[in-house]
Amino acid sequence: MSGTRLRALSVATVVTLITGYALAAFVAPMDADQGFIQKIFYLHVPMAIVALCGFIFAGLCAIAHLRTDDAKWDLRAYVAIHISIILGVGVLLTGAIWAKASWGHYWVWDEPTLVSFLIIFLLYATYTPLRFSIEDRDKQARYASVFAITAGAFVPLNFLAVRAATSLVHPRTLSSADNLPGAMRTAFLVCLLGMTLLYVLLWQYEIAHKTTVAQLRALKRRLAGDEGLRPRRSAAPELQVR
Amino acid sequence: MSAAPPPPPSTRAVVGALLRKELRLELRTPQVIPAMALFSISTLVVFHFSLQADTVEGALAAGVLTVTLLFSAILGVNRLFVADHEEGGFDGFLLAPVDRTAMLVAKALALGAFLVVLELIAVPAFAFMLLEPGLTGTMLGQTVATLALADVAIAVVGTLVGALAIQTRARDLIVPLIALPLLLPAIIGTAKLLAPTFAAAGAEALPGRWLAIVGLYDLVFGLLAYAVFDFLLED
């Protein structure tokens, strides 16, 4: 994505996020039971939804990578998982704060949504170590894609399995969104949109950064020859730019 | 003038040949199964002391058996591709004009066979050392059914993860890190299925929902492994 479009997307993200959280803070009604702490819902739930969708998106990118053998799809999958993991840390932290406030414990084991999210997070946390421990770049990309596809298919299956151990403390996110009163629902949807935009924006920024680095290396190589660059081990995919 | 090349062998023949190779290797120099069996017994002893319990029942018994079998299985997964990687088995296989998925099927069957042998040792040992309610026919039948489903899950996912990790420099670290979270749905299901089986008041019926979930897990990961395994052998 070019500079001007990236700038437009940045502005749109900031505006949507500010609007969303202003709506959440000032317009949406205060929750009758939980009071102010319930406002963390507008941060926690969109982050969780976006992070999980990001994992599945990475799986789709990985399928495209194995089909086309084009390194840019591997880069897309890598960046998608990277940002989803960062959001995942946020989800676990905000979830723990909310759980302490409303259930009295930071962590509740018989709660399928928490547990399945933690399992998925732990699984994806091994993605970077896996990449880092494979030196050959082609092999690294291919194996990482196999991992991303397997883990992407695991996300819905895991939710199904863990949720089957029913407990109803945690609200069922997608089905209970319909029960929200109007103002809360609007605020929630704007926050969700803002979080999605934020994800896309960060994803675009990281792709732009990685592409620029690859171009810079290609230029350096042209100036100094191959000895000017020491090969370096990295978990990140490397684009070959001429 | 040259004779027409012989037709490539059928996948079934290839799987049979590979499986015979695996089993013969293990029979000639037993390496994986003794290690798994010894490890499972040691784990049971560790459980005895760490839980400070002479006998266990119900959910606790289910957990002890599941964890013991799972950790022992991880040892087998770690070793599954080592010989092929170090002694050139992969190269030989890739040179042969055969379907690559045959290796997935053969390795999964071999790992499944190792797991069955492991369970033939570990389950009686568990019943003898720790289990409170005595073994009955129903309990045995339900345990066999549950472990069969669990073995399919461990064999398929173990083969996939083993093949993924063998090319990395830190494979002994990578295998448990990836396999444990990936297997968790099957572990939850196994534990939920074994808990009523080991109930103190005699075995209760297996919950059908969990049978379905573990079965679904086996099916999904079986198909998934079949779809992606080729990419792990390309070189």
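Numbered from 1 within each chain, the chains take letters A, B, ... in sequence-line order. Heavy-atom basis, side chains included; hydrogens, waters and symmetry copies ignored.
Residue B/Tyr226 places its OH atom among 12 or fewer non-hydrogen atoms of other residues, nucleotides or ligands, all under 6.0 Å distant. Open room surrounds CD on B/Gln52; 12 or fewer heavy atoms of other groups in view lie less than 6.0 Å from it.
The contact between B/Leu177 and chain A is made by backbone and side chain atoms together, counting heavy-atom distances below 4.5 Å. Heavy atoms closer than 4.5 Å to chain B are found in the side chain of A/Thr126, but not in its backbone. Heavy-atom distances place the side chain of B/Val220, and not its backbone, under 4.5 Å from chain A. At a 4.5 Å heavy-atom cutoff, the contact between B/Phe221 and chain A is made by side-chain atoms alone. Heavy atoms closer than 4.5 Å to chain A are found in the side chain of B/Leu224, but not in its backbone. Contact annotation for B/Leu160: only side-chain heavy atoms (C-beta onward) come within less than 4.5 Å of a heavy atom of chain A. Heavy atoms of B/Ala163 lying under 4.5 Å from chain A belong exclusively to its backbone. Heavy-atom distances place the side chain of A/Glu135, and not its backbone, under 4.5 Å from chain B.
Atoms CZ and NZ, from B/Phe231 and A/Lys139 in turn, are 15.5 Å apart once rounded to the nearest 0.5 Å. One finds the CD1 atom of B/Ile178 at 7.5 Å from the CG atom of A/Leu123 (value rounded to the nearest 0.5 Å). Rounding to the nearest 0.5 angstrom, the gap separating the CG atom in B/Leu184 from the CD1 atom in A/Ile119 is 4.5 Å. Between atom CD1 of residue A/Ile134 and atom CD of residue B/Gln167 there is a gap of 8.0 Å, rounded to the nearest 0.5 Å.
Between A/Tyr143 and B/Leu232, the shortest heavy-atom distance links the atoms OH-O, 2.7 Å. When all heavy atoms are compared, the tightest approach of A/Phe147 to B/Leu164 is CD1-CD2, 4.1 Å.
At a threshold of 4.5 Å between non-hydrogen side-chain atoms, the residues B/Pro185 and A/Phe154 count as touching.
Of all the listed residues (B/Val214, B/Leu173, B/Thr168, B/Leu180), the one sharing the greatest number of non-hydrogen pairs under 4.5 Å with chain A is B/Thr168. Of the listed residues (B/Val228, B/Leu182, B/Val157), the greatest number of heavy-atom pairs within a distance under 4.5 Å of chain A belongs to B/Leu182. The candidate with the highest count of non-hydrogen atom pairs below 4.5 Å against chain B, out of A/Ile120, A/Leu122, A/Ile149, A/Val146, is A/Val146.
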